J.: 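The structure that follows is given in the form of structure tokens.
In the text below, chain A, chain B and the rest are named by the order of the sequence lines, each starting its count at 1. Everything numeric in this text was worked out from a predicted model, so none of it was measured.
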Amino acid sequence: MIREIIKKRVEETLKDLGQEYDFKVEVPPEQFGDFSTNAALVGAKYFKRPPRDIAADLAENLRQYEDFENVEIAGPGFVNFKVAPSLFQSVVKKILQEKEGFGKKNLGKGMKVQIEYGSANPTGPLTVAHGRQIVIGDVLVRIFKEMGYDVENEVYLNDAGRQISLLARSLWVRYNELFGVSHEIPEDGYRGEYLVEIAKKLAEEVGDTYKDQWDEKVEEFFREYALKEIRSWMMKTFERIRSGFDNVFSEKSLIEDGTVDKVLEILREKDLVYEKDGALWFKVSDFVDEDDKVLVRKDGTPTYFMTDIAYHFKKHERGFARVFDIWGSDHHGHIPRMKAAMKALGFDDDFFNVILHQFVTLRKGGENLRMSTRAGRFISLDELMDQVGVDATRYFFARIDPSTPLIFDMDLAVKRSMDNPVYYVQYAHARICSLFKQAQTKGLKFIEGENLDLLSNEHERAVMKRLDLFEDALLDAFYNLSPAKITSYLEDLAHDFHLFYTHNTIVDPDSPEVSNARLNLSLAVQIVIKKGLDILGVSAPERM
RNA sequence: GUGCCCGUAGCUCAGCUGGAUAGAGCGCCGGACUCCGGAUCCGGAGGCCGCGGGUUCAAAUCCCGCCGGGCACGCCA
């Protein structure tokens with residue numbers, strides 16, 4: 001908010017001086033003031049004068065505004081602003097007025113968007129790798145809502161195809177083991193212990209009915225049973241990590257309801273498919289510099305690519321103006337051909353968006369292992385939440401930017417869960433709650449919105465300035481699709497608050513006005529922390 | 001081989017849409033208010049920002065080339 005005010009003032013001043021161009025207003029290193037602009041540096045080529053000259057003119061003209069306590073020139077030609085306390089105080093006032101609405105924007109103007117994440121083969125428990133994706137996705141959904149989008153989240157279940165057959169067979173092998181009948185788990189089958197659990201449950205229900213018996217009907221039965229069980233695990237885990245879904249979408253349904261055929265027909269009409277080696281191919285190369293890809297296999301079944309095109313066709317049909325898919329970086333090769341397909345269907349370039357996140361690598365005994373559900377080599381998301389709690393889990397994943405590869409050391413995660421910065425932020429919130437109790441005990445009457453003009457010392461200024469930057473942090477997170485911008489902001493705010501708290505007595509019955517002012521400031525901090533934690537899906541405890 | 005991502009403090013990571021002396025947390029060393037929550041605060045040690053060129057008034061940031069790591073190049077998903 002203050003940044004915009006400064007920008008406007010500088011723009012006006014430049015206009016008076018006869019120029020118009022783009023420049024930045026930033027937060028400089030502390031010793032240079034509250035805000036800083038490079039307008040004079042950028043302006044050198046427009047004014048055809050040395051930056052410091054221009055800066056001098058700017059400063060001269062800007063000093064007249066009472067929003068600024070001080071305007072100075074520094075370095076090669078920066079103009080630095082020290083902001084008047086009244087301007088900072090207006091931020092506190094705004095927060096107290098808008099409460100949890102503070103920071104809300106209407107960038108989306110109600111545009112209907114979808115964010116798809118957590119999509120997985122329903123072949124085993126969700127792992128910490130899924131956790132990362134779920135948290136990124138869920139936080140983005142909350143940010144989009146904040147920015148005025150009509151956003152839905154959705155999880156896509158890859159419940160069609162070969163891997164599900166393998167799952168069925170693997171379950172069947174485990175089931176037979178219970179009756180002392182030994183079969184081999186298929187080479188690409190699923191070896192995790194969790195199938196033993198499901199097998200036991202199944203055996204309790206149906207006894208040895210399917211012992212050593214295998215045909216299409218049995219396969220179908222095992223497939224459905226495994227899917228049902230695993231799907232229900234997944235849903236429980238989603239709930240637990242506080243990411244419910246508006247929709248759960250089944251890949252299989254696209255085949256069953258004819259969407260696949262419909263899309264195929266459209267592509268055929270546009271002459272974008274051809275037959276070769278008994279399979280049906282899509283002319284990817286007509287659109288991007290990639291090889292053509294198979295849509296329908298020789299045996300007549302659709303590929304993952306095919307169903308994915310159909311899936312996105314359906315998303316479009318459902319009225320989403322934009323969709324964001326959150327994928328692991330191993331899917332990056334899939335992007336160009338999907339873009340080609342979207343183009344082929346005549347969709348807007350903005351429609352299809354992918355957010356890639358880097359991998360989660362598992363570290364065990366000093367060795368790095370790629371997690372693999374197939375091999376049974378993973379740490380489940382539930383296991384993690386059992387050990388470190390939901391808040392710390394969410395915060396941990398939100399904190400690391402999607403583009404950074406994540407090395408996950410379970411031992412460390414557990415041992416150090418108390419070091420998670422989430423507690424630092426939550427503590428600031430709890431502390432503020434406690435301040436208000438303290439005020440009550442000491443008989444201080446709190447009047448919201450009063451005495452703000454008493455806030456002006458360095459710590460108070462620092463907190464107010466930080467509060468003002470919340471909107472920037474949100475926008476930053478939105479434009480960069482990066483939840484980490486929120487966590488680092490909250491840590492900064494918590495730090496500024498703890499500092500203020502340590503160096504100032506907030507509740508002091510001997511000076512009720514100052515106390516009231518500081519309580520108001522604390523309340524503003526509390527509102528913003530709560531809001532930030534809400535966006536992260538992390539609780540804001542009143543005591544801890 | 002081709003393409004994409006990554007390389008910043010002992011560790012985990014910010015900073016990357018170019019700006020002033022490169023930051024935080026953890027770990028390590030040393031400190032703090034007789035009082036509102038010490039899950040806090042302050043100070044210190046610790047960096048050829050992978051390497052080499054280039055562009056620029058200005059490069060961790062942009063471009064090129066190397067080196068190192070990850071991933072993808074299926075009628076798997």
J.: May I ask you to say what A430(A) touches in the nucleic acid, namely base, sugar-phosphate or nothing, with a heavy-atom cut-off under 4.0 Å?
T.: base

J.: Which part of the nucleic acid, if any, lies within contact of A428(A), taking any heavy atom under 4.0 Å across all strands shown: a base, the sugar-phosphate backbone alone, or nothing?
T.: nothing

J.: Check this for me: Q19(A), atom CD, are more than 12 non-hydrogen atoms of other residues, nucleotides or ligands nearer than 6.0 Å?
T.: yes

J.: Rounding to a whole Å, what distance do you find between Y427(A):OH and rG37(B):P?
T.: 8 Å

J.: In whole Å, measure the gap between the C1' atoms of rU17(B) and rC63(B) for me.
T.: 16 Å

J.: Nearest-nucleotide wise, let me know which of P29(A) and H334(A) is further upstream toward the 5' end of RNA chain B.
T.: P29(A)

J.: Among N70(A), V25(A), L62(A), which residue satisfies the side-chain contact (heavy atoms from CB on, under 4.5 Å) criterion with F81(A)?
T.: L62(A)

J.: What's S36(A) touching, base or sugar-phosphate or nothing? Going by heavy atoms closer than 4.0 Å.
T.: base

J.: Categorize D289(A) for me: base, sugar-phosphate, or nothing, with a 4.0 angstrom heavy-atom threshold over every strand shown.
T.: nothing

J.: Pairing check on rC66(B): which nucleotide meets the Watson-Crick or G-U wobble criteria with it, both distances under 3.5 Å?
T.: rG50(B)

J.: Paired with rA24(B) by Watson-Crick or G-U wobble geometry, both distances under 3.5 Å: which nucleotide is it?
T.: rU12(B)

J.: Would you indicate what T505(A) reaches in the nucleic acid, counting non-hydrogen atoms under 4.0 angstrom: base, sugar-phosphate, or nothing?
T.: base

J.: Under 4.0 angstrom, heavy atoms only, what part of the nucleic acid is Y501(A) near: base, sugar-phosphate, or nothing?
T.: base

J.: With a non-hydrogen cut-off below 4.0 angstrom, is L406(A) in contact with a base, only sugar-phosphate, or nothing?
T.: sugar-phosphate

J.: Does rG15(B) have its OP1 or OP2 closer than 4.0 Å to a side-chain nitrogen or oxygen of K485(A)?
T.: yes

J.: Using Watson-Crick or G-U wobble geometry with both distances below 3.5 Å, tell me the partner of rG3(B), or none.
T.: rC71(B)

J.: Kindly state whether the pair F78(A) / rA20(B) counts as stacked, where counting means centroids closer than 5.5 Å and planes tilted less than 30° apart.
T.: yes

J.: Identify whether any heavy atom of P28(A) sits under 4.0 Å from a base atom; if not, whether one sits that close to sugar-phosphate; answer base, sugar-phosphate or nothing.
T.: base

J.: So Q426(A) and D391(A), side chain to side chain donor-acceptor pair (under 3.5 Å) or not? Walk me through it.
T.: CA-CA 10 Å; Q426(A) 288 181 321; D391(A) 281 344; 3.0 Å; yes

J.: Between rC51(B) and rA59(B), how many Å separate the two C1' atoms, rounded to a whole number?
T.: 16 Å

J.: Under 4.0 angstrom, heavy atoms only, what part of the nucleic acid is E251(A) near: base, sugar-phosphate, or nothing?
T.: sugar-phosphate

J.: May I ask you to say what R337(A) touches in the nucleic acid, namely base, sugar-phosphate or nothing, with a heavy-atom cut-off under 4.0 Å?
T.: base

J.: Roughly how many Å is it from NE2 in H331(A) to P in rA77(B), rounded to a whole number?
T.: 10 Å

J.: With heavy-atom distances below 4.5 Å as the criterion, would you say the side chains of K105(A) and E471(A) are in contact?
T.: yes

J.: Name the nucleic acid region contacted by D277(A), choosing base, sugar-phosphate or nothing; use a 4.0 angstrom heavy-atom cut-off, strictly under.
T.: base

J.: With a 3.5 Å cut-off and heavy atoms only, can you find an N or O donor on one side and an acceptor on the other between the side chain of T502(A) and the base of rA32(B)?
T.: no

J.: Between Y424(A) and rC41(B), is there a contact of a side-chain N or O with OP1 or OP2 at under 4.0 Å?
T.: yes

J.: So N457(A) and H503(A), side chain to side chain donor-acceptor pair (under 3.5 Å) or not? Walk me through it.
T.: CA-CA 11 Å; N457(A) 75 30; H503(A) 294 280; over 6 Å; no

J.: Hey, does the side chain of Q438(A) come within less than 4.0 Å of rG37(B)'s phosphate (OP1/OP2), counting only N and O?
T.: yes

J.: Is K24(A) touching bases, backbone alone, or none of the nucleic acid, heavy atoms closer than 4.0 Å?
T.: sugar-phosphate

J.: Between atom CE in M306(A) and atom P in rA77(B), what is the gap in whole Å?
T.: 13 Å

J.: Has the side chain of N80(A) got a donor or acceptor atom sitting under 3.5 Å from an opposite partner on the base of rA20(B)?
T.: yes

J.: What about the rings of Y156(A) and Y311(A), do their centers lie closer together than 6.0 Å?
T.: yes

J.: Output the rounded distance in Å from CG (L499(A)) to C1' (rA39(B)).
T.: 17 Å

J.: Using both distances under 3.5 Å as the test, list the Watson-Crick or G-U wobble partner of rG30(B), or none.
T.: rC42(B)

J.: Describe the nucleic acid contact of T404(A) in one word from base, sugar-phosphate, nothing, applying a heavy-atom distance below 4.0 Å.
T.: sugar-phosphate

J.: How far apart are the C-alpha atoms of R466(A) and F497(A), what are their side-chain angles, what is the distance that settles it, and do they pass the side chain to side chain contact (heavy atoms under 4.5 Å, CB included) test?
T.: CA-CA 9 Å; R466(A) 189 71 69 189; F497(A) 177 77; over 6 Å; no

J.: Nearest-nucleotide wise, let me know which of D401(A) and R431(A) is further upstream toward the 5' end of RNA chain B.
T.: D401(A)

J.: Just call it for F359(A): base, sugar-phosphate, or nothing, with non-hydrogen atoms closer than 4.0 Å on any strand.
T.: sugar-phosphate

